[in-house]
There are 2 protein chains.
Amino acid sequence: MDDTEELRRSGLRVTAPRRAVLEAVRQLPHADADAVLTTVRASLPSVSVQAVYSGLKALADVGLLRRIEPAGHPARYERRTGDNHHHVVCRSCGAIDDVDCAIGPSPCLTPSSSHGFAIDEAEVTYWGLCPSCGVKSAA
Amino acid sequence: MDDTEELRRSGLRVTAPRRAVLEAVRQLPHADADAVLTTVRASLPSVSVQAVYSGLKALADVGLLRRIEPAGHPARYERRTGDNHHHVVCRSCGAIDDVDCAIGPSPCLTPSSSHGFAIDEAEVTYWGLCPSCGVKSAA
DNA sequence: GCCTATTCTGGAATCATTCAAGAATAGTGG
DNA sequence: CCACTATTCTTGAATGATTCCAGAATAGGC
């Protein structure tokens, strides 16, 4: 299924900016809005900042993209959706990698106490140093 | 151990704004900077915004406060530190509650694959609706 | 091909937070 | 108790990511 088809099935209008945003996130998993903008402009030089933001929002709203917001970093976007996998974030450079569910299939965590909250998602973020930053700090 | 003593032991200068910040976070667990500012000004009306921000940062840096940053919300601060407990966040009103470690003592989660990252923390955030927002949305 | 709702463009605004320069002050040594 | 110096405070401006706005463009149904 190509991007155009995915957009249509999700009930979104198929526009050049949206296809380009979808394609950019495919090329750059965990890209932030700025990186997406740069990539999109390689093929569509006149796309506005807002077209990218609203495209990212529309795509995330229908589930074609997943938005992750690591503390202290701008939001990142990825196409791997629906499995609630987790992420490792490098404290030094902000690099992100996927991590499969810690325990079994998603939703993979049950809190020991929920204080009456109706919980629908368990989000896990691992923090540390990526391979290349780890080497630098050890030196 | 009172606030003054805690500050001193952590190697921080004891100032009125810092004591007030520490006291405010004790009164309001999971308060954001703005709520802390308001509370601090109840006793010290002329404290600046930056005194609160720099106080929060200094206190968090030495571990007297823990800073949490739920996606889409301003940073919150709490005095319960050192146990890496987790949080439930209400999607509707942003209310936060503590949740004990999902599995055993902290650090309580081990990723199935780390991609070479040197991981030092597993942060878990549960998302859902708090008791009062859950009631409203069910109605 | 036309019509209308949706999306896009350009520009300004918002929010949380941080930076900068100079005044105030905590804590040390005398 | 006082002076000294580094730290912290004040005021005010700046930053970065993101959103809001009004009007122009356009996707998709008829």
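- Closest of all the heavy-atom pairs between B:Ser48 and B:Leu37 is O-CD1, 4.1 Å.
- Between A:Glu69 atom CD and D:dT18 atom P there is a gap of 7 Å when expressed in whole angstrom units.
- Straight-line distance from the CG atom of A:Asp32 to the P atom of D:dT18: 7 Å, rounded to whole Å.
- Within residues 50-60 of chain A, the residues approached by DNA chain D to less than 4.0 Å at the level of any non-hydrogen atom are A:Gln50, A:Tyr53, in residue-number order.
- Distances from the side chain of A:Pro74 to the nucleotides D:dT10, C:dA26, D:dA17 place D:dA17 closest.
- Base contact: A:Ser48 has a heavy atom under 4.0 Å from a base atom.
- When the P atom of D:dT7 is taken as reference, atom CG of B:Asp61 falls 14 Å away, rounded to whole Å.
- Rounded to whole Å, atom P of C:dT25 lies 18 Å from atom CG of B:Leu7.
- Where B:Arg13 and B:Ala33 meet DNA chain C, the nucleotide closest to each residue was compared, and B:Ala33 sits on the side nearer the 5' end.
- A straight line from CZ of B:Arg76 to P of C:dA16 spans 11 Å, rounded to a whole angstrom.
- Taking for each of B:Ala16 and A:Val14 the nucleotide of DNA chain D with the nearest heavy atom, the 5'-most of the two is the partner of B:Ala16.
- In this structure, B:Arg8 reaches the C:dG27 phosphate: one of its side-chain N or O atoms is under 4.0 Å from OP1 or OP2.
- For B:Thr15, a side-chain nitrogen or oxygen approaches OP1 or OP2 of D:dC9 to under 4.0 Å.
- Judged purely by atom type and a 3.5 angstrom limit, A:Glu123 has no side-chain atom pairing as donor or acceptor with the backbone of B:Trp127.
- The CG-C1' distance, from A:Leu37 to D:dA17, rounds to 13 Å in whole Å.
- For the pair B:Arg9 and B:Glu5, the salt-bridge criterion is met [side-chain N within less than 4.0 Å of a carboxylate O].
- Between A:Val124 and the choices A:His85, A:His86, A:His87, the side-chain contact (heavy atoms from CB on, under 4.5 Å) rule is met once, by A:His86.
- Nearest-nucleotide assignment on DNA chain C puts the 5′-proximal partner with A:Val47, out of A:Val47 and B:Ala75.
- The distance between atom CZ of A:Arg19 and atom P of C:dC8, rounded to the nearest whole Å, is 11 Å.
- Here B:Arg26 does not pair with B:Asp2 in a salt bridge; the nearest charged N to carboxylate O distance is not below 4.0 Å.
- For the pair A:Leu44 CG and C:dT7 P, the computed distance is 17 Å after rounding to whole Å.
- Each of B:Arg19, B:Arg79, B:Arg18 was evaluated against B:Glu6; a single residue qualifies, B:Arg79, per the salt bridge (charged side-chain N to carboxylate O under 4.0 Å, His left out) test.
- The pair B:Arg76-B:Glu78 does not meet the salt-bridge criterion, since no charged nitrogen lies less than 4.0 angstrom from a carboxylate oxygen.
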